[in-house]
Amino acid sequence: MNTLHRSEESRARPVHKSLHPKNLHNQGYDFPALVKSHPALAPHVKPNAHGRLSIDFADPLAVKTLNAALLNRYYNIVDWDIPEGALCPPIPGRADYIHYMADLIGFGHEQPSVKLLDIGTGANGIYPLLACQIYGWQCVGSDINTQSLENVATIITNNPPLKDRFTLRTQHDKNHIFEGIIQAGEFFDVSVCNPPFHASLDEALKGSQLKLNNLARSRGEQKANTKSPTLNFGGRGAELWCKGGEQLFLKKLIRESHVYSTQCLWFSSLVSKTDNVKPAKKLIRKLGAVDCREIEMKQGNKVTRILAWTFI
């Protein structure tokens, strides 16, 4: 294991401004502590251009190993893993989403009776994992990809306390989101979603290249040194793109939420593109929602938003 000297530790934890007050990652990444609890991270940790301990965020294996370390140290989740090419989510931002949903439904403390539905849980299962471990909620994760669900099932098996709190359901119809998932007589307090935000594979690849270029600039380089763009941040098929992109997906999500308006208190979704917020709000109002919230989340210079609405 690589050792991290105490003299470096003071430079290891830049504050992540603007995360939710309850977010455990408000003080940045404590790399020495993470390496101690998850030694596999050690080879990926080294001082960056600013002299602070970091990892290469353009390296998929480094990012995946960091996630496993964070989930292990802060959320008592062991043996978290995802298949090569699967979407690898940023843990602090995903935790923020859960904290803001807890505020929204009025349960900002552990409350085992709360029930959460994650639409498109992917191979990482991150939202239910965090909701289970932070707040003790009952969670359902749905996905159209059976291989993704099989991977999450393995994570649940590796963490027995999750067995009675996190269940999985397969969406068999690509034309539906809630239908076939929300069962008769069932009620959820909140549904969450990280929608596919590209309209094609080509668009997703360009988006990945843009992220790599931004990372390169943060290291003092003009452009990322890649001959052809790859999905360095992961994401397969429906995880990153769908016909019509984020705008059409949101439209389908909102329309179908109206059908299940009495079976979920708050519907919600991340919205990555600012231009998609206004038409989504317009449709939500048109369908008769009694409340609609736009919640801004910040991590450093990055700003994302959650759109939440209720018919109840």
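Just so it is clear, the structure is predicted and the values come from calculations on it, not from any experiment.
A donor-acceptor pair under 3.5 Å is formed between the side chain of Glu256 and the backbone N or O of Ile177. Judged by distance alone, with hydrogens and angles left aside, the side-chain atoms of His25 form no donor-acceptor pair with the main-chain N or O of Pro92 at under 3.5 Å. Not one N or O on the side chain of Arg73 forms a donor-acceptor pair closer than 3.5 Å with the backbone of Leu34. The main-chain N or O of Val78 is never found under 3.5 Å from a side-chain atom of Asn72 such that the two would form a donor-acceptor pair. In this structure a side-chain-to-backbone donor-acceptor pair under 3.5 Å is present from Thr154 to Glu150.
At a cut-off of 3.5 Å, with distance as the only test, no side-chain donor of Ser272 or Arg305 sits close to an acceptor on the other residue. Using a 3.5 Å distance cut-off with no hydrogens or angles, the side chains of His20 and Asp103 do pair a donor with an acceptor. For Tyr260 and Ser191, the side-chain atoms include no donor-acceptor pair closer than 3.5 Å.
Taking CG of Asp59 as the reference point, atom CG of Leu66 lies at 11.0 Å (rounded to 0.5 Å). Taking CD1 of Ile155 as the start and CG of Leu162 as the end, the distance is 9.5 Å to the nearest 0.5 Å. Put simply, OH on Tyr100 and NZ on Lys22 are 11.5 Å apart, with the number rounded to the nearest 0.5 Å. From Leu70, atom CG reaches atom CZ of Arg94 across 13.5 Å, with rounding to the nearest 0.5 Å.
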Donor-acceptor contacts under 3.5 Å from residues 111-118 side chains, at least two apart:
residue	atom	partner	partner atom	Å
Gln111	OE1	Ser113	OG	3.0
Lys115	NZ	Glu186	OE2	2.7
Asp118	OD2	Thr121	OG1	2.7

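Within 6.0 Å of atom NZ in Lys252, more than 12 heavy atoms from other residues, nucleotides or ligands are found, so the atom counts as buried in its surroundings.
Ring planes of Trp309 and Phe267: parallel class, angle under 30° (limits at 30 and 60°).
Shown here for Cys88 and Val63, the closest heavy-atom pair between the two residues is SG-CG1, 3.8 Å. For Asp96 against Ser18, the heavy-atom pair with the smallest separation is OD2-O, 4.4 Å.
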